[in-house]
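Presented below is the structure to which this report refers.
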Amino acid sequence: MGNQTLLACGMAAGPLFTVAYLLEGASRVDYKPFRHPVSSLALGRAGWSQTVSFLFAGLLSLLFAVGLWRTGPSHWGALLIGVWAVGLLGAGACRTDPVSGYPVGTPDQLRRPTRVGALHDLFSLIGFLALAVACFVFALSNSLGWALYSIASGVLFATTMALASAAFSQHQRWVDLGGLIQRVSLTIGWTWQTLLAVRVLHT
């Protein structure tokens with residue numbers, strides 16, 4: 001596979017993942033996008049579609065990491081994008097536990113997470129941390145504008161993910177906005193990856 005194709009995979013991953021969860025979330029009667037996490041869309045009879053979305057986005061991001069390794073300005077950055085991709089693949093392979101009352105009839109928080117649910121959270125955490133650090137690594141460039149944008153993206157991505165995690169842990173102040181905050185965070189992260197791919201493609 002050519003380097004340009006590999007880098008283009010990094011451009012496609014975020015938009016495809018975003019469109020998939022927006023469409024799937026809109027089709028669920030009891031699903032509340034402002035409250036519930038994207039991962040909860042993997043629960044229920046139609047959950048396979050969100051699982052496929054995780055795996056496909058992870059695969060595209062992994063191919064992007066290969067392209068970055070071959071052509072990008074930082075091997076460390078490419079490795080971090082690869083870890084982010086593995087996090088997506090792991091989160092897709094391991095379904096999340098019910099949270100914040102979805103699906104209907106489940107508690108806001110399980111007393112003890114299942115093994116699969118704990119693995120989902122672990123893969124997600126590793127992936128999120130890797131992407132946040134990647135923002136700072138790729139900020140090391142000759143372009144001041146890109147550096148400032150990458151640093152801001154890393155800070156905002158990490159901050160909003162921390163707030164979303166607090167919401168899904170049933171923090172009273174944030175619980176009803178957990179889904180919205182997570183979506184803001186994902187948009188920040190995916191937009192940065194898309195623009196990184198565009199930047200490297202045109203270098």
Side-chain angles (χ1 to χ4, degrees), residues 1-26 38-39 41-42 48-94 120 122-161 182-203:
M1 190 176 291
N3 291 337
Q4 287 194 326
T5 301
L6 292 170
L7 294 172
C9 288
M11 294 173 56
L16 290 174
F17 185 85
T18 302
V19 169
Y21 76 65
L22 288 175
L23 291 176
E24 185 60 28
V38 169
S39 297
L41 291 169
W48 62 269
S49 61
Q50 182 58 45
T51 297
V52 169
S53 180
F54 269 118
L55 297 176
F56 192 53
L59 177 60
L60 289 176
S61 296
L62 190 59
L63 293 172
F64 177 49
V66 174
L68 287 173
W69 180 270
R70 292 180 180 177
T71 65
S74 169
H75 279 179
W76 280 112
L79 286 172
L80 287 165
I81 295 297
V83 174
W84 157 243
V86 171
L88 289 167
L89 292 168
C94 303
H120 173 90
L122 179 60
F123 275 115
S124 298
L125 177 61
I126 291 172
F128 294 149
L129 288 175
L131 186 61
V133 176
C135 290
F136 296 105
V137 170
F138 280 106
L140 303 175
S141 71
N142 294 324
S143 169
L144 178 60
W146 172 258
L148 292 175
Y149 168 67
S150 292
I151 292 169
S153 294
V155 171
L156 291 172
F157 179 74
T159 301
T160 48
M161 272 299 169
Q182 186 192 55
R183 281 157 176 76
V184 170
S185 189
L186 288 171
T187 300
I188 292 169
W190 282 126
T191 300
W192 178 83
Q193 176 173 299
T194 300
L195 294 179
L196 173 65
V198 172
R199 177 179 173 81
V200 178
L201 266 171
H202 291 87
T203 299

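Atom set for the values below is all heavy atoms of this structure, side chains included, hydrogens, waters and symmetry mates excluded. Fair warning: this is a prediction, and the values are worked out from it, not measured in the lab.
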Taking atom [atom1] of [X] and atom [atom2] of [Y], what is their separation to the nearest 0.5 Å?
X      : Y      : atom1 : atom2 : answer
Phe56  : Leu89  : CZ    : CG    : 12.0 Å
Thr51  : Leu55  : OG1   : CG    : 6.5 Å
Leu196 : Met11  : CG    : CE    : 11.0 Å
Leu41  : Leu23  : CG    : CG    : 11.0 Å
Arg199 : Ser150 : CZ    : OG    : 7.5 Å

For residues 62-73, which side-chain donor-acceptor pairs fall under 3.5 Å, sequence neighbours excluded?
{"residue": "Arg70", "atom": "NH1", "partner": "Met1", "partner atom": "O", "Å": "3.1"}
{"residue": "Arg70", "atom": "NH1", "partner": "Asn3", "partner atom": "OD1", "Å": "3.1"}
{"residue": "Thr71", "atom": "OG1", "partner": "Gly67", "partner atom": "O", "Å": "2.8"}

task = Flag the pair Trp190 / Ser61 as yes when at least one side-chain heavy-atom distance between them is below 4.5 Å, and no otherwise.
result =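 Touching, per the 4.5 Å side-chain cut-off.
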
Less than 4.5 Å apart, side chain to side chain, heavy atoms only: is that true for Ile188 and Trp192?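 The answer is no, as the side chains (C-beta and beyond) never meet within the 4.5 Å cut-off.
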
Which atom pairs, one a donor and one an acceptor, fall under 3.5 Å between side chains of residues 131-138 and the rest of the protein, sequence neighbours left out?
none

Check your understanding: With sequence neighbours left out, which residue pairs that include part of residues 72-85 fulfil the side chain to side chain donor-acceptor pair (under 3.5 Å) condition?
Key ->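 Those involving residues 72-85 are Trp84-Gln193.
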
### Task
Would you mind listing every side chain to side chain donor-acceptor pair (under 3.5 Å) that reaches into residues 13-23, with sequence neighbours excluded?
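For residues 13-23: none.
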
Open item on the list: For Leu195, give me all partners under side-chain contact (heavy atoms from CB on, under 4.5 Å), at least two apart in sequence or on another chain.
Closed with: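 side-chain contact (heavy atoms from CB on, under 4.5 Å) check on Leu195 returns Trp146, Tyr149, Thr191.
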
Heavy atoms only: give me the nearest [X]-[Y] pair and the separation to one decimal.
X      : Y      : answer
Ser49  : Glu24  : OG-OE1, 3.2 Å
Cys94  : Phe123 : SG-CE1, 4.2 Å
Ala147 : Ala139 : CB-O, 3.2 Å
Phe17  : Ala57  : CD1-CB, 3.7 Å
His120 : Ala91  : ND1-O, 2.9 Å

* Which residue pairs satisfy the salt bridge (charged side-chain N to carboxylate O under 4.0 Å, His left out) criterion with at least one member in residues 137-161, sequence neighbours excluded? ->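 Counting only pairs at least two positions apart or across chains, no salt bridge (charged side-chain N to carboxylate O under 4.0 Å, His left out) contact touches residues 137-161.
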
